[in-house]
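Following: one structure in structure tokens, then a few remarks.
Just so it is clear, the values below take in all heavy atoms, side chains as well, and ignore hydrogens, waters and symmetry mates. A note on names: the letters A, B, ... follow the listed sequences, proteins ahead of strands, and every chain is numbered from 1.
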Amino acid sequence: MAWTDKEPMVSIRDVHKSFGALEVLKGVSLDVMKGEVICIIGPSGSGKSTLIRCVNALNDIQSGSIKVEGQEVNDPHLNKLELRKKVGMVFQQYNLFPHKNALENIMMAPLLVLKDNKVEVEKLARSLIKKVRLEGKEESYPGELSGGQQQRVAIARSLAMNPDVMLFDEVTAALDPETVNEVLLTIKELAQDGMTCILVTHEMGFAKEVADHIYFTDRGVIVEHGPPTEFFEQAKDPRTIEFLGQIL
Amino acid sequence: MNNRSQKILPVIMPVMMAPKARPDDRFRLQRWHGFALVAVLITASIPAFAATDPARASMFEVLQRWMPLLLKGFVFNIIISISAMAIGTVAGAVLGLGQISLIAPVRKISWLITQFFRNAPWLVLLFFAMFLLPFELKIFGLTIPLPDWLKAMFGLSLPVMANVSEIVRGGVMSLPSGQWEAAESLAFSRQQTLWRIILPQCVKRMLPPWMNLYSILTMATVLASIVGVSEVMTLTGQALAAEGGRSDLLIPFYSFVLFLFFIYCYPIARWTVRLEKKFAVIT
Ligand SMILES: Nc1ncnc2c1ncn2[C@@H]1O[C@H](COP(=O)(O)OP(=O)(O)OP(=O)(O)O)[C@@H](O)[C@H]1O
Ligand SMILES: [Mg+2]
């Protein structure tokens with residue numbers, strides 16, 4: 001049964017996840033179609049990061065099902081490396097490799113993991129640097145780049161693996177306000193190119209603009225969801241209304 | 001891992017590493033300290049001068065006469081220290097990687113070995129090696145003699161191994177977990193993550209404690225005199241005995257030995273501090 005893009009690219013069904021006695025996800029379900037951009041919002045500690053980290057198996061789950069292109073992630077025999085080749089992830093703290101320059105950061109995974117040809121990889125890396133508007137910074141080390149620049153290198157590094165889905169975990173939360181926009185712009189372009197994206201974000205304006213669908217989580221459950229206009233204008237659940245009231 | 005703690009880790013790390021390592025400049029050795037030391041030594045030997053009977057050779061002449069032999073002994077100390085360090089580093093690196101293995105039995109055994117040798121007095125380990133190792137090894141009909149100095153070297157490499165193991169483990173643990181996660185989410189295997197991402201960054205952090213360990217080891221090589229290896233302390237004792245146990249020679253001779261170790265170890269200590277400072281800033 002091969003997966004086709006008529007089916008959800010990422011399908012999350014009744015996922016439960018605990019850290020010891022603490023249940024962080026209490027039955028979460030959502031679908032993401034190919035080319036779709038979804039945003040997950042919610043108060044701190046509601047389990048947003050945990051949820052997206054389950055998608056690329058950085059966290060395991062106790063019950064439920066997560067399928068990426070039809071492949072079950074909650075399977076003890078899962079080849080995590082194969083899964084992660086398809087799922088890119090960008091973190092709040094960028095997590096660039098400080099001992100490698102921008103170009104090397106981008107080239108490492110295709111070279112080591114995909115074992116691609118070095119000349120080709122370098123060409124790809126340079127074009128990605130251009131795509132995230134960092135020409136001239138190829139040889140810079142992460143310590144020499146601003147937060148926003150580092151984050152864009154991190155995005156390029158993920159893209160170099162040519163993933164089918166990208167996960168973004170509050171990627172602008174650690175940035176100075178001036179550099180937030182350059183990163184958001186990069187993500188917006190990516191979304192316009194048709195990349196399937198799952199974003200955790202606190203940037204409501206941005207979510208409204210790029211998301212096809214918004215999910216609001218609180219204490220491990222999805223409280224409310226819908227397309228952006230509907231979600232922001234006609235929120236019904238008091239928890240959503242309270243949250244939006246605080247943040248807007 | 002919680003985002004909050006991820007956020008804190010890389011930020012506080014330099015702060016956690018930096019203090020202590022930075023000695024107060026007031027306590028740094030200056031050139032005049034060296035002169036002061038020499039002055040003290042000479043003053044201390046004045047009673048010896050006074051007691052000198054013209055028929056006997058002056059203590060400086062005696063020291064000069066024995067100096068080549070003592071230096072040879074000291075070189076032997078250095079050789080023992082370097083080889084014990086080399087063996088201990090290789091074994092300790094393996095043991096340290098064992099301590100972070102995903103295979104539980106490997107991890108537990110490595111931990112146990114590390115703790116055992118790290119919490120044993122060096123002298124006891126030395127005796128342990130001296131008396132447990134045979135004086136020769138027979139492998140495939142080949143007889144390899146195991147002289148005392150070789151056994152001492154093995155004995156001293158045991159605590160080095162355990163300490164290196166801890167340095168490796170600590171170095172790996174000190175990296176923010178984000179580095180592991182970034183590599184994992186790029187589909188790096190554990191081996192690739194460890195060898196390409198984690199260890200290259202740890203080496204810098206591990207260098208200062210490793211050099212510190214080397215200084216301590218160098219100074220501990222004199223323990224080998226207790227088990228009869230002809231290193232500098234043993235030779236000093238023999239030289240003094242050959243001079244008929246003149247008590248006026250004790251201070252100059254042992255001062256000379258102290259001086260040798262100081263000349264060798266102090267630059268290493270200074271360099272370690274410099275590296276510590278440097279790596280504390282650029283993490
Ligand atoms: N590795 C872990 N071990 C134990 N508890 C954890 C771990 N990771 C997260 N948690 C806990 O799970 C809960 C959800 O955390 P999570 O990071 O998913 O929240 P979040 O919605 O992303 O919050 P934030 O907006 O602050 O990033 C929190 O209570 C957190 O303390
Ligand atoms: Mg989070």
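B:F188 and A:L81 make their closest contact through O-CD2, 3.6 Å (heavy atoms, listed as atom of the first residue, atom of the second, distance). Residues A:N95 and B:A182 share a closest heavy-atom pair of O-CB, 3.4 Å. Across all their heavy atoms, A:L112 and B:Q192 have their closest contact at O-NE2, 3.1 Å. Across all non-hydrogen atoms, the minimal contact from A:L96 to B:Q179 is O-NE2, 2.8 Å.
Put simply, the side chain of A:F97 does not reach to within 4.5 Å of the side chain of B:P200, judged on heavy atoms.
The number of heavy-atom neighbours closer than 6.0 Å to CH2 of B:W122, taken from other residues, nucleotides and ligands shown, is above 12. Residue A:K118 qualifies as open at atom NZ: its count of foreign heavy atoms under 6.0 Å is 12 or below. Environment of NZ in A:K34: sparse, with no more than 12 heavy atoms of neighbouring residues, nucleotides or ligands closer than 6.0 Å. Applying the 6.0 Å contact sphere to NZ of A:K67 captures no more than 12 heavy atoms from other residues, nucleotides or ligands. Heavy-atom contacts from other residues, nucleotides or ligands closer than 6.0 Å to CZ of B:F128 number 12 or fewer.
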So A:M161 and B:L186, side chain to side chain contact (heavy atoms under 4.5 Å, CB included) or not? Walk me through it. CA-CA 8 Å; A:M161 291 292 280; B:L186 287 167; 4.1 Å; yes
Trace of the side chain to side chain contact (heavy atoms under 4.5 Å, CB included) decision for A:R53 with B:E181: CA-CA 10 Å; A:R53 291 159 57 90; B:E181 287 169 358; 3.1 Å; yes
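Counting only distance, with no hydrogens or angles, the side chain of A:H99 and the backbone of B:I198 share no donor-acceptor pair below 3.5 Å.
Contact annotation for A:V90: neither backbone nor side-chain heavy atoms come within less than 4.5 Å of a heavy atom of chain B.
We find that B:E184 and A:K80 are not joined by a salt bridge, their nearest charged nitrogen and carboxylate oxygen being 4.0 Å or further apart.
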